[in-house]
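As the structure is a computational prediction, the values presented were derived from the model and not from experiment. Whatever order the structure lists them in is the order used to number ligands and atoms, beginning at 1.
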Amino acid sequence: MPKVPLRTRLFISHLIVMAVAIIALAGISRLSTPRYFVVTLERLEGRGIRIQQMRGQILDSFTDAWARGMVWSVLLGGGAAGGISYLLSRRIIRPLIRMEQITQRFAAGDWAARVPPSDIPELHQLGHSFNRMASELERVEQQRRELVSDLSHELRTPLTIVRGYLEALTDQKLPAAPETYERLIRETQRLQRLVEDLQELSKIETGYLPVQRQTLNLPPLIQPIVQRFRDQQLTSENPKIVVEIAADLPAVTADPARTEQILVNLLGNALQYTDIGQITISAWCQKDRVWIAVQDTGIGIAESDLPHVFERFWRADRSRNRRSGGTGIGLAICKRLVELQGGEIRVLSQINQGSNFQFWLPKAT
Ligand code: ADP
């Protein structure tokens, strides 16, 4: 079946409606008007006006005049209505055609294509919804591109180092010393950590990470974590880890495993970026939020860097942290884990003074 464009169909449907209206109008009027006229004439005769001989003539003249008037009405009225319905169909169809062209441009990869506003409210709303969807898709596409580019950058560096070492070993330019193999192991461990972190982040972002929220008491969760970190400290010069938790701290609604993961990450970072001083873990309640803070006296973060701290792959000093094994994903994971549990995370920091990472979890009801 040949496809008739919507504009033509809309126009034809207007014409059909108009034709039906005209036929009904003309037909009913053709049948009823002469009868009413005869009734009027009879009434006049009843009042004594003599029109007996001329009655046939008068009726014919009336029918003739009515027919002429009708032809002109149909021609002019029909023409005007046809013209208006053509303009109306065009007015409705034009933005739809434009919208279709824009969706095709968008599908072909023109991510900036947006539907212009329309003065027809329903079409305006449709265009607005399309534009919102387009912006969201554009954002996801942008993130995907950034991720692929970041990822290739992150993978390239350790791979280049490993390859360099292996080539030097093969050419015997480097002695097969234990330090060389240790370096190789470190780089492969870094790669492994990167892949594991990414897997974790991807699970959270796609919503595959189960979060089992329950009423949770924080002190029994925090103490063993702190003890584990204290046990790992080799020298007494390491920063002291102090816990300051209010005795009447209410319980929270949270997943114990995920909360532990957040704390381990923050505490691990605090130790990594603090040479001397103290690391304080505190917790307090404010309205229906229970705040937990990990404060250190380490290298701190520059003010200009603070907005980027929770972005994945972000590191204050890429070359230095790469050596220390950081992937720049830990805080991105922390942020998402906190948000998954209904809370928020923030950081206060001053360069060379220390950092204070704080997050809240909802108080148990
Ligand atoms: P990484 O594995 O590199 O530590 P994170 O996402 O945990 O990744 O941290 C991102 C960056 O934020 C780190 O590379 C570091 O530059 C900075 N950072 C995180 N925690 C601290 C801290 N306590 N003190 C100073 N800088 C920090």
Which ligand 1 atoms are under 4.0 Å away from a heavy-atom of [X]?
X	answer
I329	6 (O), 8 (O)
A316	16 (O)
G300	25 (C)

Ligand 1 N/O within reach of [X] N/O, cut-off under 3.5 Å:
X	result
I301	no
N269	yes
D296	yes
A332	no

Original post:
Quick one: are P158 and R186 in side-chain contact, heavy atoms under 4.5 Å?
Top reply: no
Subject >> In one Ile/Leu/Val/Met/Phe/Trp/Tyr side-chain cluster, 4.5 Å: I279, F357 >> reply: yes
**OP:** Name the option, out of F310, F357, Y273, W314, that contains the heavy atom nearest to atom 4 (O) of ligand 1.
**Re:**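 Result: the heavy atom closest to atom 4 (O) of ligand 1 is in Y273.
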**OP:** Would you mind finding which of L266, T274, L331 brings a heavy atom closest to atom 9 (O) of ligand 1?
**Re:** L331
Original post:
Under a heavy-atom criterion of less than 4.0 Å, does G328 contact ligand 1?
Top reply: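 Per 4.0 Å heavy-atom rule, G328 contacts ligand 1.
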Subject >> Under 3.5 Å side-chain donor-acceptor pair for Q142 and E138 >> reply: no
Subject >> Heavy atoms from other residues, nucleotides or ligands near CG of D110 exceed 12 (cutoff 6.0 Å) >> reply: yes
Original post:
Does S355 approach ligand 1 within less than 4.0 angstrom via side chain, backbone, both or neither, non-hydrogen atoms only?
Top reply: side chain
**OP:** Using a 4.0 Å heavy-atom threshold (strictly under), name the region of N265 that reaches ligand 1: side chain, backbone, both or neither.
**Re:** neither
Subject >> Aromatic centroids of W291 and F359 separated by under 6.0 Å >> reply: no
Subject >> Side-chain ion pair, R144 and E141, N-O less than 4.0 Å >> reply: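 Salt bridge: yes.
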**OP:** Mind checking side chain to side chain donor-acceptor pair (under 3.5 Å) for S85 and listing every partner two or more places apart, or none if nothing turns up?
**Re:** none
Subject >> Plane angle bin for F130 and F106 - parallel if under 30°, tilted between 30 and 60°, otherwise perpendicular >> reply: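 F106 vs F130 ring planes: perpendicular.
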